[in-house]
Colleague: 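Before anything else, here's the structure in question.
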4 protein chains.
Amino acid sequence: MDHRITSSTKDEALVKKRLNQLQKGAVQLFKQKGFHRATTREIAKAAGFSIGTLYEYIRKKEDVLFLVCDAVHDEVKTRMENVIDRNSTSEEALRQAVFAYFQIMDEMQDEVLILYQELKALPKEEQEYVMQKEREMVGILERVISNSYANVLDEKNVKLVANNVYVQGQMWGFRRWLIQKEFTLQEYMEMQYQLLKSQLAFQAT
Amino acid sequence: MDHRITSSTKDEALVKKRLNQLQKGAVQLFKQKGFHRATTREIAKAAGFSIGTLYEYIRKKEDVLFLVCDAVHDEVKTRMENVIDRNSTSEEALRQAVFAYFQIMDEMQDEVLILYQELKALPKEEQEYVMQKEREMVGILERVISNSYANVLDEKNVKLVANNVYVQGQMWGFRRWLIQKEFTLQEYMEMQYQLLKSQLAFQAT
Amino acid sequence: MDHRITSSTKDEALVKKRLNQLQKGAVQLFKQKGFHRATTREIAKAAGFSIGTLYEYIRKKEDVLFLVCDAVHDEVKTRMENVIDRNSTSEEALRQAVFAYFQIMDEMQDEVLILYQELKALPKEEQEYVMQKEREMVGILERVISNSYANVLDEKNVKLVANNVYVQGQMWGFRRWLIQKEFTLQEYMEMQYQLLKSQLAFQAT
Amino acid sequence: MDHRITSSTKDEALVKKRLNQLQKGAVQLFKQKGFHRATTREIAKAAGFSIGTLYEYIRKKEDVLFLVCDAVHDEVKTRMENVIDRNSTSEEALRQAVFAYFQIMDEMQDEVLILYQELKALPKEEQEYVMQKEREMVGILERVISNSYANVLDEKNVKLVANNVYVQGQMWGFRRWLIQKEFTLQEYMEMQYQLLKSQLAFQAT
DNA sequence: GATGAATGAGGCTTCATTCAT
DNA sequence: AATGAATGAAGCCTCATTCAT
């Protein structure tokens, strides 16, 4: 699944299956207790196998966290790419992408929370890797925005706006104790999108 | 300093001094290693006293984290309040407040990072307390925005915009690996402020 | 190969082959890492088959050690017996035997090292068995000495001298870090033999 | 006590006391189970304190082994030096030293056994250190022999003979299952000494 | 009030052994 | 007969917390 984690098992299909079990279980667990409070035994149990088997597929507890982070990004990215119409330059395309992104962030808020809070528990090198994935994600938003409003925004503004949108999506889950008390997802999406449009419209004048 | 931490010591002045040492040392330490990786021995050492003494002033390791979180918020709040002109309703007042806020977030980025990442390491009750402080901070921004643009924005929009600004300030430090690679602080402040204004201006039309 | 190890396999030829593979591989491995640090997986790999197969031929990890110890002794004994002229009583026969013994100890120093250091890792009963083999080896030397100098030495002296020679042979490999720094094998053999002769000669006076 | 082991405790006298307890307890324990089979918990218990305290004075389990090896050598050396008359060149002085050495080896046979069998469990660097101590011990014997028979033996012969005596002393304990079945300590000492003298006498002719 | 030695629960990880295929 | 995935007991070590001085 990922070259960074060397498992002693040889059967590729099995490895994939096990790592998938592991990642699924770990997300549920980390959601409740966070990475640090979760013990390796609990991780194994959540994945549905024994502690011994766990260590057939990972080398260190941290590897599980990395697995989760990696999987989250991959899923977000895949889902975004399925939804984005790369050829369209219409405003509608932007709306569609932004709404889809917020929707995904809503569905994956637990995963995103983990990613946010535990990143620094990873070794430096793996942190870098995860950050790179974040850059790619922001890059996707940049492209969408830039496709829709290429004429009105300079590159730097696009970067900033994309980053803002990206963060706003994450904050929906991350600051749910505040935001979800005040807004429904519909409202949040709609309002943020209106604000976004007003920025773009204004720059265009 | 805070009623939640009961120290067996009585001399108020000394307690204050010690807790201050503690908080200062802890921030430096958590900055480097994070809360979980820092041991109580290291915390004591960073504070300049022994492990035994540490436990004269706290009851659990978590108390130190709480202390730090609390202190960070207090400092941000104090500095913001010193800068804000509560009576002014001019656009200039908004600009001043936003710039000041970003400036503070820049200076305290390490502290804010800690606060962000370690919040869930606190017990539920203390989490609530810290969240409450966050709400207050957002509230301050709300008031400033609302004072300047009361006529053009409904309450809910103000809430959202204030929250966005608040998060953008934190992200300057939190996502420094991305943002600070692309923008200087000046640029970031200026551009975010322009975007903010365009939102407000647009709503006003 | 040895009745102490019951393998579930029946084909005698195959068992022999496998146990031989196993013993050869294990010596190489133990040489590097010692018995305790070598894992059963590594042992299986060194033998050229899987962990599952390993356990078709042994029951416990210790069995491998026993196998090695046993094989070492057998080889030393066989080689000694090939070289010794049981009928000769001349001094030359002694010289020949002693030199041959030292030569063998030189060639098998790694194996002897293992035997020396890991003996107590065996269960008591197997220890006894190995010790018995040691006694036999010393016995061979006793006979050679006694054949050559029967008239001058009482039985007890022969026992002691034989034991000394036996140990000196082992020490060539076991204390190589000291002895092999100071002497070449030729020198060591020659000098030890001279000392041996002087003992015998003196007793004869 | 030894710079190689860094204990977190500051009080020098206490450290010395604890390390002494530790070493004493460990010898008893290793005697029974060997180093590998002894758990850190058992080591702590044998030393009379908790596992936590154990790790206030050592960093790794291996350190305990090193401590033991070191202490054994130190004790042997000290006792030898107390007994040796450095000025005497008489044959009597040699006899005295050799007998004393065998006596010590008899009394410390368990310790010596440990040293012999577990040396390779130490990290390379520590092995070197222990070997150096062995060299010193052999050196002491060399000096005694050379003092008594300086005129008859060349340096290389002295080295060899000293090494032989040294090993013979250790073997009394190490091969007790063989030697102590056949000889009393008195006999062993006496006979080995006679052999030694015959070597020296013969060279002198 | 301050100190730091002592404690032991509990975490991570390894690895001998088994067993279904 | 051979394989290698699965198991879980058990080992090493850390570190938050206590308490006697």
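Chain naming here is simple, since letters A, B, ... match the order of the sequence lines and numbering starts at 1 in each. All values below come from the heavy atoms of this structure, side chains included, with hydrogens, waters and symmetry mates left out.
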Colleague: What residues form a side chain to side chain contact (heavy atoms under 4.5 Å, CB included) with Leu113(A), not counting sequence neighbours?
Modeller: Gln117(A), Phe174(A), Arg176(A)
Colleague: Could you check how far OH of Tyr57(D) sits from C1' of dC13(F), rounded to whole Å?
Modeller: 17 Å
Colleague: Of all the nucleotides listed (dT17(F), dC13(F), dA6(E)), which has the minimum atom distance to the side chain of Lys60(B)?
Modeller: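 Nearest to the side chain of Lys60(B) among the choices is dT17(F).
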Colleague: List for me each residue that meets side chain to side chain donor-acceptor pair (under 3.5 Å) alongside Gln132(C), sequence neighbours excluded, and say none if there are none.
Modeller: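 Side chain to side chain donor-acceptor pair (under 3.5 Å) list for Gln132(C), sorted by chain: Arg135(C).
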Colleague: Under the rule for ring-ring contact (aromatic ring centres under 6.0 Å, His included), what residues qualify as partners of Tyr55(D), not counting sequence neighbours?
Modeller: none
Colleague: For Leu14(A), report the nucleic acid contact type (base, sugar-phosphate, nothing); a contact means any heavy atom under 4.0 Å.
Modeller: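 The answer is sugar-phosphate, as Leu14(A) gets under 4.0 Å only of primed atoms, P, OP1 or OP2.
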Colleague: Holding to side chain to side chain donor-acceptor pair (under 3.5 Å), I want the full list of residues that pass it with Glu118(A), two or more places apart in sequence or in another chain.
Modeller: Lys120(B)
Colleague: Looking at Arg18(A), I'd like to know whether one of its side-chain N or O atoms comes within less than 4.0 Å of OP1 or OP2 on dA6(F).
Modeller: yes
Colleague: In whole Å, what is the span from the CG atom of Leu54(B) to the P atom of dT17(F)?
Modeller: 10 Å
Colleague: Return the 5'-most residue of the pair Thr53(C), Gly52(B) with respect to DNA chain F, ranking by each residue's nearest nucleotide.
Modeller: Thr53(C)
Colleague: Which dot-bracket string fits DNA chain F when only Watson-Crick or G-U wobble pairs with both atom distances under 3.5 Å count, crossing pairs get [ ], and | stands for a partner on a different strand?
Modeller: .||||||||||||||||||||
Colleague: Round to the nearest Å and state the distance from Ile58(A) atom CD1 to dC12(E) atom P.
Modeller: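 Atom CD1 in Ile58(A) sits about 10 Å away from atom P in dC12(E).
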Colleague: Could you tell me which residues satisfy side chain to side chain donor-acceptor pair (under 3.5 Å) with Thr40(B), sequence neighbours excluded, listed by chain and number?
Modeller: none
Colleague: Listed in order of residue number, which residues of residues 24-40 of chain C have a non-hydrogen atom at under 4.0 Å from DNA chain F?
Modeller: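 Hits under 4.0 Å, by residue number: none.
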Colleague: If you count the non-hydrogen atoms of other residues, nucleotides and ligands that lie under 6.0 Å from NZ in Lys31(D), is the total more than 12?
Modeller: yes
Colleague: His36(B): what forms a ring-ring contact (aromatic ring centres under 6.0 Å, His included) with it, not counting sequence neighbours?
Modeller: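 With neighbours one apart ignored, the set is His36(A).
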Colleague: Atom CD of Glu56(B) to atom P of dG4(E): distance rounded to whole Å?
Modeller: 14 Å
Colleague: Using a cut-off of less than 4.0 Å, is there contact between a side-chain N or O of Tyr55(D) and OP1 or OP2 of dT14(F)?
Modeller: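 Checking dT14(F) against Tyr55(D), no side-chain N or O comes under 4.0 Å of OP1 or OP2.
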Colleague: Return the value, rounded to whole Å, for the distance between atom CG of Asp11(D) and atom C1' of dT21(F).
Modeller: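 In whole Å, dT21(F) C1' lies 12 Å from Asp11(D) CG.
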Colleague: Checking Glu62(D) now: which residues fulfil side chain to side chain donor-acceptor pair (under 3.5 Å) with it, not counting sequence neighbours?
Modeller: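 So Glu62(D) forms no side chain to side chain donor-acceptor pair (under 3.5 Å) with any residue.
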Colleague: Among residues at least two apart in sequence or on other chains, which ones pass ring-ring contact (aromatic ring centres under 6.0 Å, His included) with Phe35(B)?
Modeller: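 Scan of Phe35(B) (ring-ring contact (aromatic ring centres under 6.0 Å, His included), adjacent residues dropped) gives Phe30(B).
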Colleague: What is the distance from CG of Asp63(C) to P of dT17(E), rounded to the nearest Å?
Modeller: 9 Å
Colleague: Mind checking the CE-CG spacing from Met131(A) to Leu122(A)? Nearest 0.5 Å is all I need.
Modeller: 9.5 Å
Colleague: So which of residues 41-51 of chain B are in contact with DNA chain E, with a heavy-atom cut-off of under 4.0 Å?
Modeller: Arg41(B), Phe49(B), Ser50(B), Ile51(B)
Colleague: Taking salt bridge (Lys or Arg N to Asp or Glu O under 4.0 Å) as the cut-off, I'd like each qualifying pair that reaches into residues 40-50 of chain A, sequence neighbours left out, listed once.
Modeller: Lys33(A)-Glu42(A)
Colleague: In this structure, how many angstroms lie between the P atom of dC12(E) and the CG atom of Leu65(A), rounded?
Modeller: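 So the CG-P distance, Leu65(A) to dC12(E), works out to 13 Å.
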Colleague: May I have the distance from Lys16(D) (atom NZ) to dA5(E) (atom P), rounded to whole angstrom?
Modeller: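 These atoms are roughly 17 Å apart.
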Colleague: Mind checking the CG-CG spacing from Asp70(B) to Asp63(B)? Nearest 0.5 Å is all I need.
Modeller: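 Asp70(B) CG to Asp63(B) CG: 11.5 Å, rounded to 0.5 Å.
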